[in-house]
Amino acid sequence: MSKKVKTFRPKARRPKGFEDRFGTLANAENALIGAAAGVYASHGFEPLSTSALEYADCLGKFLPDDDRPNEGVFAFTDDDQQWMALRYDLTAPLARFVAENYDPLPKPLRRFAVGPVWRNEKPGPGRFREFIQVDADTIGAPGPAADAEMIMLAADVMDAAGLARGEYVIRVNNRKLLDAILGNIGVPDTEEGAVQRLRVLRAIDKLDRLGADGVARLLGDGRKDDSGDFTKGAGLSAQGIVAVLGYTQAGADTLEATLGALQPLMGASTVGAQGVEELRAIAALLQACGYDDGRTLIDPSIVRGLGYYTGPVFEADLRIETVNEKGEPARFGSAGGGGRYDDLIARFRGQPVPATGFSFGVSRFAAALHALGRLGPVEPGPVVVLALEVDRMADYFAMASELRAAGMRSEVYMGGSGMKAQMKYADKRGAPAVVIVGEDERAANSVTVKNLVLGDKLSGQIEDNKEWRSGRPAQTSGPREQLLKLVQDALI
RNA sequence: GCCGCCUUAGCUCAGUAGGUUAGAGCGCCGGUUUGUGGAACCGGAGGUCCUUGGUUCGAGACCAAGAGGCGGUACCA
């Protein structure tokens, strides 16, 4: 008896959180990468590419989740039992690179980096497990001018990405202010205090979603959400909660007004006074350079979730309402952010190395544009040279080559189907025109060029298919030598 | 990770109280038109009804577990 052997067929499926990007989305991402990289390069930043994998201890303890180390990172052991991990951001690899090559590098070091990073987290709208960041960082510049430059850079990138004024805002704050507040209300400078501080950061991060009420609960004993899930709180006292919430709500409309409101909240704290001074210096530069026109704001409620920031922090927020496929409002989170991390390189070198940077979340930004229906018109396809006679491929290649030499995207049809299918192919590709050389044209040493855009327009006025076909609308013929001119005329 | 909802053709969905060969629209392929993308008309392909197990004479439908998707929450660009 013959037993039917079942051939194994893998189900074609994509890992969750990993997105295929094709057509418009891929083009949009590439354009955004180019725009951001162009801004950085024009400011004198040099490109640096590093590997996707790092030894896990080099990314190590500076993962955002200090309380859950290594979670959220894709990691495995190498042949020699060493833990390898896919990079989680572009900042940790930069710290490794700087520490490894410290002496010969120019200081300050200004570098930008482009590439995918990976996080093992639950995906959602605008949240992926693989996504592209474009970062700029300045290493070895301690003063607030470097931070101010990063903030202006962030605004420039948003502009270059095609946002109009008022469609985004860069919110600026300083970690030192919160440190001062927490110090004043008695959060200790210990391990335990660090855990508490992180919980406070994350609670404040949720102000826009949960409101002051929810955040107050997270600052205190904890909060139970609608689904019944409980989040442990930071355990602050009632006065502490009032102090922290009051601080986060101290933002005003102008840089000056906010600074004025923050100053008295710092009490006797020297760190706090220093933080306000830094913000004041940054604000002065933003004003002097004209970035205080609504593009930048001081907002004490911006803290950023990562633990490694030590000074000024900022976030680029979209101010355009986005909706999902069902028309419900969708939250995309920030499209970029950054700040100062003076201790990150010290892990390797023992001495603090001042550093500040900005990270542009290209994939999320593109997803937001997509949700907004703003990805722009589809790029026109190539001019398609029909392959009507299989033994004349060399002629077809020559024609496509001629068009390319004149700067036109052009290709020869590579399938095996007849003319009708080739026309459909060209249509689906968004080809602006096709070049038709069959038996008749060859015999007459001529070429026929059909303008598909015009043809599409004319088809709307023709009901009868006989007429549509025999009329051969939007089509011109001429001598073979005139190919380029015929195509150019058709595309005007 | 936790909680909730959902899963039938490529897509959007219908499928009556469990009862033969599971449907529609759109899309796709072909024909009318063997050298012409649209429209129209005609025809066709395409389904392990998410998976596994259970209840039943009989399950797309009922039950359980798992997977996947969506939303919230956690986390974050």
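Residue numbers begin at 1 in each chain, while the letters A, B, ... track the order of the sequences.
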I'd like the C1' distance from B:G60 over to B:U8, given in whole Å. 7 Å
Given the P atoms of B:A61 and B:U16, what is the spacing between them in whole Å? 11 Å
Measuring only the P atom in each nucleotide, how far is B:G18 from B:G25? A whole number of Å is fine. 28 Å
Sugar-phosphate, base or nothing in reach of A:A335, heavy atoms under 4.0 Å: sugar-phosphate
Inter-nucleotide P distance (B:C11, B:G4), Å rounded: 28 Å
What is the separation between atom NZ on A:K16 and atom P on B:C70, rounded to the nearest whole Å? 9 Å
note: A:R202, atom CZ; B:C75, atom C1'; distance rounded to Å ~ 7 Å
With a 3.5 Å limit on both atom pairs, tell me what B:U55 is paired to, counting Watson-Crick and G-U wobble, or say none. none
Within the 4.0 Å heavy-atom criterion, would you say A:L386 contacts the bases, only the backbone, or no part of the nucleic acid? nothing
Take atom CZ of A:F128 and atom P of B:A77, then tell me their distance rounded to the nearest Å. 15 Å
May A:Y425 be described as stacking on the base of B:G37, applying a 5.5 Å centroid limit and a 30° limit on plane angle? no
Can you tell me the Watson-Crick or wobble partner of B:C5, both distances under 3.5 angstrom? B:G69
Say you pick atom C1' in B:C76 and the same atom in B:C29; how far apart are they, in whole Å? 45 Å
Could you work out the separation of B:C70 and B:G37 based on their C1' atoms and round it to a whole Å? 38 Å
P-based separation of B:C75 from B:C2 [nearest Å]: 16 Å
If pairing means Watson-Crick or G-U wobble with both distances under 3.5 Å, then the partner of B:U36 is none
Distance, rounded to the nearest Å, where A:Y308 contributes OH and B:C76 contributes P: 11 Å
At under 4.0 Å between heavy atoms, how does the protein contact nucleotides 26-36 of chain B? Give one character per nucleotide, 5' to 3', with B, S or -. ---S---B-BB
Given B:G37, B:A77, B:U73, the nucleotide with the shortest approach to the side chain of A:D456: B:G37
Can you tell me if A:D147 and A:T356 form a side-chain donor-acceptor pair at under 3.5 Å? yes
Rounding to a whole Å, what distance do you find between A:N451:CG and B:G38:C1'? 14 Å
A:H43, NE2: over 12 other non-hydrogen atoms inside 6.0 angstrom: yes
Residues of residues 157-175 of chain A with a heavy atom under 4.0 Å from any atom of RNA chain B, listed by number, are none
For the C1' atoms, the ones on B:A17 and on B:C13, what distance do you get once it is rounded to whole angstrom? 23 Å
Interatomic distance, A:R119 CZ vs B:A74 P [rounded to whole Å]: 17 Å
Is the shortest distance from a Lys or Arg side-chain nitrogen in A:R304 or A:E315 to a carboxylate oxygen in the other one below 4.0 Å? yes
Please classify the nucleic acid contact of A:K457 as base, sugar-phosphate, or nothing, using heavy-atom distances under 4.0 Å. nothing
Phosphate oxygens OP1/OP2 of B:A77: is one of them under 4.0 Å from a side-chain N or O of A:R304? yes
Is there a donor-acceptor pair under 3.5 Å between the side chain of A:T310 and the backbone N or O of A:D342? yes
A:R21 and A:E130 ion-paired at < 4.0 Å: yes
Would you call A:E389-A:R442 a salt bridge at under 4.0 Å N-O? yes
Donor-acceptor pair, A:D299 side chain versus A:R171 backbone, under 3.5 Å? no
Nucleotide B:C76, atom P - distance to CG of A:L86 in whole Å: 19 Å
Name the nucleic acid region contacted by A:G337, choosing base, sugar-phosphate or nothing; use a 4.0 angstrom heavy-atom cut-off, strictly under. nothing
Any sub-3.5 Å donor-acceptor pair from A:S334's side-chain atoms to A:A316's backbone N or O? no
Closest approach to the side chain of A:L452, judged atom by atom: which nucleotide of B:G37, B:G72, B:A77 is it? B:G37
Considering every strand shown, what is the Watson-Crick or G-U wobble mate of B:A61 when both distances are under 3.5 Å? none
State whether A:K485 and A:D489 are salt-bridged, where the test is any N-O pair (Lys NZ or Arg NE/NH1/NH2 against Asp/Glu carboxylate O) under 4.0 Å. yes
Under a 3.5 Å cut-off for both contacts, is B:G44 paired Watson-Crick or G-U wobble with anything, and if yes, with which nucleotide? B:C28
In terms of side-chain heavy atoms, does A:D159 have a donor or acceptor partner in A:Y168 at a distance below 3.5 Å? yes
Who pairs with B:C13 - Watson-Crick or G-U, where each distance is under 3.5 Å: B:G23
What's the NZ-P distance between A:K232 and B:C2, to the nearest Å? 20 Å
Between A:K122 and A:L454, which has a closest nucleotide on RNA chain B that is more 5'? A:L454
State plainly whether the residues A:D89 and A:R87 are in salt-bridge range, i.e. N to O under 4.0 Å. no
I'd like to know if A:E441 and A:R392 make a salt bridge, using a cut-off of under 4.0 Å between side-chain N and carboxylate O. no
